[in-house]
Amino acid sequence: MSEFDTVIHGGRVVTASDVFDADIGITNGRIAAIAEKIAGGDRRIDAGGKLVMPGGIEAHAHIAQESSSGLMSADDYYSGSVSAAFGGNSSFIPFAAQHRGQSIADVIATYDGRAAPNSVLDYSYHLIISDPSVSVLEELPGVFARGITSFKVFMTYDLMNIGDGGMLDILTVAKTHGALTMVHAENNDMVKWMNKRFAAAGLTAPKYHAVSRPELAEEEAINRAVSLAKLVDAALFIVHVSTAGGAAIVQREKLAGTKLFAETCPQYLALTRNDLDRPGMEGAKFICSPPVRDVATQTALWRHVQSGTFESVSSDHAPYRFDASGKFANGTDAPYPKIANGMPGIAMRLPYLFSEGVGKGRITLQQFVALSSSNAAKTFGMAKKGTIAPGFDADIAIWDPEMRRTATLADQHDNMDYTPFEGMEIEGWPLLTMNRGDVIVENGELKAERGRGRFVARNPVDLTGKPGYRAKEFDPAQNFGAEIAP
Ligand code: DUC
Ligand code: ZN
Ligand code: ZN
C-alpha cells in the first residue's frame, strides 16, 4: 500500500495564481502533497503534456427543476451531473426552486430526493424564492444553518417576480445570516409592454423574443437591484449579465466598494440575435432570458471578462428539448412568449471558455481557473474546493490544451436533442475529471456510480475587501432614521 491512493504526475498544474510543473499526491479524496516528483501511488495517472486544473464549479444550472409554468427541465441530477463532468466540472450548484405556496422545507426535501440518489458529482443548491411571505422568511435561518447560503430572486416573470419590497425583505434577512442574494434582473413591465405590442402586430416568431427583452430592461433592473442592495448594504450577485450597460454598472459599483458579484455566460459571448432568426422554428433553440444580443455586446462582455467585472462565467444550463416535452409544450407554432426559456450548455461552458478565452489569448490560464472554479468556490463558500493545494478536495480536471473538437450533441452526454454550440471549433478539451479523488470521466468514458456525489454545506459569503455602502438615512451620526437601520 502506498502513502497515496493516486498520484497525478508529469503535468503542468494551474491555479488562479500560478502555473508550475508538479506531481500531486491524493489520499482519502484530498490533495495530500504537491511536489516536483512524487513516487508511489496505488494508481499513477500520467499527465505529461497536459494541464492539471481545479475541476470546474458550475454555479448556475437548472437541474430537475420545474419552471413556474410547471415544465420540468430535461436533465435530472444524473444526466446533469454526468454532462457537467464530461465538460470538466467536479461539482455544481443547481437551484432548488420554491414556487408560490410551497414551504421551503418541502422544497429542500424535494431536491434532496432528486439529487442525493442520482448525482455523480458533489452538489449544493441556491434556493430560489418566489414568495417571500412572513412564514417563508422565518424558514430561511434553518436553510442557512444547513449550509445553503445563497438564493436567487427574480425581477421578471409574473409568477416569480417578488417586487422591490420583497427583495428588500430577502436582502435584509440574507444580510443578517451572511447569505448572498442572486438576482435575475430584467424590468418585468418593459418586457410585458413589448410583448403586448408585438402580439398586437402579429409578430410572434422566435426572433422577436430577442428584441422583446431590451437591453434597457436589463440595465434598468440591474441598477435598481444594486440600489435596493445598497439601501440595506447587503451582498448581491447579478446572474447572467447580457449587456454592456449592465456590465458597466457592475464595474462601476465594484469600484465604489459595493458588495457586488456578477457572472456572464458563454451564450452571451458566442451567439447573437441572428441565431433566433434561423429558418423555421430553429430559432426557438436559442430562446433564453435575458436574450443573446449582438457582436458589439460580445466584444464588450469579453472586455469585462478580461478585466475582472465578472467572478464567473457560468452556463445557465436550462435544458428544454426541441420537442413537445420542452420548447414546444405549447405547440410547434407557439408564439415566442409561450416557448420554454433556456438553453443547455453545462458541458460546453469550459471548453468554450478555454478555446475562445485561453486559446485566442483573451485570458490567461490563471484567469480561466478563477472564472471557472476558484471564484465560485470563494463567492459561494465552498471552503475545500476551487484550487489545487494541500488539504483541499481532490477535485481536478486534466486537460489536453491542444485537442481539437467540433462541438456536437454526442459530446454533451445530457438528455438534450440539440446543443446551441453545434459546429463550433474548439481547441482544448478535458480528458479526465475527478471529484474527491474519484475518477468520474476518463478518456470519454463515465467511471462513476450514480448517487456518489455528496451535498456540500457552504460557508457564508466572504465580503472581505468590499466595504459596502451606508445609506445616510441609517447613519446614527445624522440623527434621523437610524432606529430602523437593517
Ligand atoms: N433565468 C435563468 O437564470 N435561467 C433560465 C431562464 C431564466 O429566466
Ligand atoms: Zn434568470
Ligand atoms: Zn438560469
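In listed order, ligands and their atoms are each counted from 1.
- Within Asp316, OD1 is the N, O or S atom that lies nearest to the Zn ion (ligand 3).
- Residue His62 has at least one heavy-atom neighbour below 4.0 Å for each of these atoms of ligand 1: 2 (C), 3 (O), 4 (N), 5 (C).
- Evaluated for a side-chain hydrogen bond (donor to acceptor under 3.5 Å, both in side chains) with Ser314, the options His60, Arg349, His240, Glu263 yield exactly one hit, Glu263.
- With ring centers used as reference points, His126 lies under 6.0 Å from Phe380.
- With salt bridges taken as basic N to acidic carboxylate O contacts below 4.0 Å, none links Glu219 and Arg252.
- Of all N, O or S atoms in His60, the one lying closest to the Zn ion (ligand 3) is NE2.
- In terms of protein heavy-atom proximity, atom 6 (C) of ligand 1 is closest to Asn341 O, 3.8 Å.
- Near Ser289, the atoms of ligand 1 lying under 4.0 angstrom from a non-hydrogen atom of the residue are 1 (N), 7 (C), 8 (O).
- Using 4.0 Å as the threshold, Val239 has no heavy atom nearer than that to any atom of ligand 1.
- With a cut-off of 2.8 Å, the Zn ion (ligand 3) has no N, O or S atom of His184 in range.
- Salt-bridge annotation for Asp393 and Arg454: absent, with no side-chain N of the basic residue lying under 4.0 Å from a carboxylate O of the acidic one.
- Heavy-atom proximity to His60, at under 4.0 Å, picks out these atoms of ligand 1: 2 (C), 3 (O).
- Salt-bridge formation is detected for the pair Arg224/Asp164: a Lys NZ or Arg NE/NH1/NH2 atom is positioned less than 4.0 Å from an Asp or Glu carboxylate oxygen.
- With ligand atoms numbered from 1 in the order given, ligand 1 contributes 1 (N), 2 (C), 3 (O) to contacts under 4.0 Å with heavy atoms of Lys152.
- Residue-ligand proximity, His184 to ligand 1, at heavy-atom distances under 4.0 Å covers atoms 1 (N), 7 (C), 8 (O).
- Salt-bridge check for Lys259 with Asp233: passed, with a basic side-chain N closer than 4.0 Å to an acidic carboxylate O.
- His317 has its ring centre no less than 6.0 Å from the ring centre of Phe92.
- Using cut-offs of 30° and 60° for the angle between ring planes, the His209 and Tyr336 rings count as perpendicular.
- Taking atom 8 (O) of ligand 1 as the reference point, the nearest protein heavy-atom neighbour is Tyr157 OH, 2.4 Å.
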